[in-house]
Enquirer: 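Okay, handing you the structure first.
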Amino acid sequence: MASVGKKLSRPVPRYDLLRVPLVGRLLRWRWGRLVGQLLLLAVALLAVYDGFTGPQLAPLNLAGVLVWVHYRGLVMFALLFLGNLFCMSCPFTLPRTLARRFGQGKRRWPRKLRNKWTAVAVLFVYFWLYEWFDLWASPWLTAWLIVGYFVAAFVLEALFAESPFCKYVCPLGTFNFVSSTVSPLQISVHSQDVCRTCVGKECINGSKAVSGCGTELFVPQIKSNIDCVFCLDCARACPHDNVALAWRNPLVEVTRRDAWPRRWDLNLLVLIFAFIGVGNAFGMVPPIYQLQTWLADALRIENEGLVLLLIFAVLHLLLPVGLPLAAAWLSRRLAQRDEPLRHTLARYTPSFMPLSFAIWFVHYAGFHFLTGALTIVPVTQNFLLDLGIGWFGQPNWALGAVLPAAWLDPLELGILLLGVALSLYVVGERARPLRDGLPAQLPWMLILIALAAAAMIIMYLPMEMRGTMFG
Amino acid sequence: MLNMRFYRRLILLFLLLLGVVAGCRQSSEQGTAVLTIELIAPLNPSLANDREMSLRVTDEAGQPVNDAILDIKGDMTHAGMVPVLANARNGVGGVYTTPFVWTMTGDWIVTARATLPDGRWDEAEFRLRVGQ
């Protein structure tokens, strides 16, 4: 059983979404999560069905549009304005009940894997495969990807306790956990005294009617959104009505010194996540094809997967590990401080989050969603016509953008500039308690500015989308 | 045991339903005309230079067809990209030319459907890589 430590959670909520009329009631309702999950399950099944049986051209297929335009775009908006709503409504965890029936005597997830190294590896492999197989261009592979999520979640849930799929494996979960560290909602408690005197600790242990936290977070000690799937089981289980879904300053988590543990795995995950943001966008501009050709010629490699592996090993692993480690070493030296390198790294890693989120937001929401959200209309019309349903008329293929194209560049530039400005502000805030001077902050500032510059250059390059079918 | 049997039946029912609904799809529907639609230009399109597209339509006997309506649609490989649409009428020697402006470099799938005055149609697909 968990116990309450001396340091309890912050912030004490001033604004609790669970206390908002209707919304709060729906969220706290025993089947509230199920409503969202069933909705997304229907969407997932639709994508799987069209992915396997529909036109194998992503812009004409629901698997292509729903997954690579709407899912990614809407997740970014949800994370920006609310929080980790996708994990809250995740359909992949729905077969959990079924899995629990199959699972006999659940084992604990191996101790050696109870960290973020698996998440780092899965994230890296996922984005490598994404580029190699052009997942975005193949409705068939997209459908298999969705099926894969269901199977993986089911198997891991059947074998292990502690929701290891969500916490340690799922790349979507990893993406959402890291991004939600700059989201405005967080699980918190109204009164820390209530938690101190609580006997049952139902928020984590569960009650007769409701299970406790699936990822085994203890609410009064939650300082970060990482690993929180927003399932709200804690709020439903708490017999004292003490759990809150609180509004917070989105920068509070990344500016607080003790919000994250000073672990290599977690901090490197955040750094790798930031660099993958740039690498993922780089995968859709002409220089990557020139680089691929040059590398293939220089190293005499014919296998595209191997060439991409080399490129992404540098962009997604070597740079996000090497540059921050060098910055940490230099920063520690300039601050004339005697401390483990890991501590210096962990002090400044959270400063990458505002910029990192801005880069992902500009790519997925700012570009793909805002330029293509309305394509769902003709694609759905076409899908229904295929099934012999003509109620909604002939597809209007001219539908696409939500905003005029001329607005996008200034909007995206503004978001990136805001992101880098907030990141530089966070560097200053994190330096303040230990009185790190400007020289000690400078290496971090330089990396952030370089990352932002790379993102801006990619944004202004002409896009070039190639698909797997052309070899 | 009862629950296991129930779940198995549920999965089987789901798979059956999927099969039935999949059988209803009409996307593989074929036109009733037998036409040959060839892309004449551009074969190696350039974003900067190519602003027209020319196609030739011939019938089963290889004779040029001049009275078809050509509906042309250019799709990129990424979802969410708005397609380029064009149409052409009044072929000359079976050749139809229409303005067609590529919006981005990369891989494109051009679908051209030729519809005859009696409503019969045929279509062809061309895969092109648009360069700078």
Side-chain angles (χ1 to χ4, degrees), chain A residues 45 48-50 52-55 57-70 73 95 98 101-102 134 136-139 142 284-286 289 367-376 378-379 382-383 385-389 397-401 462-470, chain B residues 1-11 13-29 44-48 71-87 102-111 113 123 125-132:
Chain A
L45 292 177
V48 169
Y49 170 68
D50 206 26
F52 282 139
T53 67
L57 188 54
L60 308 185
N61 193 295
L62 286 172
V65 179
L66 286 172
V67 173
W68 304 116
V69 178
H70 289 78
L98 189 61
R101 285 183 191 279
F102 283 112
D134 298 320
W136 43 270
S138 169
T142 304
M284 293 213 162
V285 288
Y289 304 115
F367 181 75
H368 287 301
F369 185 79
L370 292 181
T371 58
L374 296 182
T375 56
I376 191 68
V379 171
N382 197 46
F383 172 77
L385 282 174
D386 266 3
L387 295 177
I389 302 167
W397 294 110
L399 287 174
M463 291 195 69
E464 181 163 336
M465 293 180 184
R466 294 189 183 180
T468 186
M469 60 192 77
F470 292 81
Chain B
M1 282 307 283
L2 186 67
N3 280 337
M4 287 286 286
R5 198 178 300 154
F6 171 74
Y7 281 122
R8 278 184 190 154
R9 284 179 182 171
L10 200 67
I11 291 168
L13 183 69
F14 172 72
L15 291 174
L16 280 173
L17 271 175
L18 195 70
V20 169
V21 180
C24 297
R25 296 211 70 151
Q26 298 165 7
S27 53
S28 56
E29 187 186 9
N44 294 299
S46 147
L47 183 73
D71 291 304
I72 304 162
K73 183 159 163 280
D75 285 295
M76 294 214 72
T77 49
H78 198 296
M81 305 308 292
V82 179
V84 175
L85 302 170
N87 57 65
W102 308 99
T103 51
M104 199 179 283
T105 58
D107 293 339
W108 287 77
I109 292 98
V110 174
T111 312
R113 175 179 287 204
E123 71 181 20
E125 188 179 282
F126 309 99
R127 300 181 172 211
L128 303 165
R129 177 160 287 166
V130 178
Q132 277 296 332

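Below, read A as the first sequence line, B as the second, and so on, with proteins coming before strands; counting in each chain starts at 1. All heavy atoms count here, side chains included; hydrogens, waters and symmetry mates do not.
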Enquirer: As an exercise, state the distance from CH2 of Trp397(A) to CG of Asp71(B), rounded to the nearest 0.5 Å.
Expert: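 If I round to the nearest 0.5 Å, the distance is 13.5 Å.
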Enquirer: What are the two closest heavy atoms between Ala58(A) and Ala79(B), and how far apart are they?
Expert: O-CB, 3.6 Å
Enquirer: Considering residues at least two apart in sequence or located in another chain, which fulfil the side chain to side chain donor-acceptor pair (under 3.5 Å) criterion with His78(B)?
Expert: none
Enquirer: Report the residues that fulfil side chain to side chain donor-acceptor pair (under 3.5 Å) with Thr142(A), sequence neighbours left out, ordered by chain and then residue number.
Expert: Trp68(A)
Enquirer: So do the side chains of Glu125(B) and Leu57(A) get within less than 4.5 Å of each other, counting heavy atoms only?
Expert: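 In short, these two side chains do not touch, never coming nearer than 4.5 Å.
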Enquirer: Considering only heavy atoms from C-beta outward, does the side chain of Asp134(A) approach that of Thr77(B) to under 4.5 Å?
Expert: no
Enquirer: Please give me the minimum heavy-atom distance between Pro462(A) and Gln132(B), naming the atom from each residue.
Expert: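 Between these two residues, the closest heavy atoms are CG-NE2, 3.8 Å.
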Enquirer: Nearest 0.5 Å, please: how far is CG in Asp107(B) from CD in Glu464(A)?
Expert: 8.0 Å
Enquirer: Which atoms of Leu60(A) are under 4.5 Å from chain B, going by heavy atoms: the side chain, the backbone, both sets, or neither?
Expert: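 Only the side chain of Leu60(A) comes within 4.5 Å of chain B.
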Enquirer: Which heavy-atom pair separates Ala401(A) from Val82(B) by the least distance, and what is that distance?
Expert: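 Answer, listing the atom of Ala401(A) first, then Val82(B): N-CG2, 4.4 Å.
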Enquirer: Rounded at 0.5 Å granularity, tell me how far CE in Met81(B) sits from CE in Met463(A).
Expert: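 Answer for the CE-CE pair, Met81(B) versus Met463(A), is 6.5 Å.
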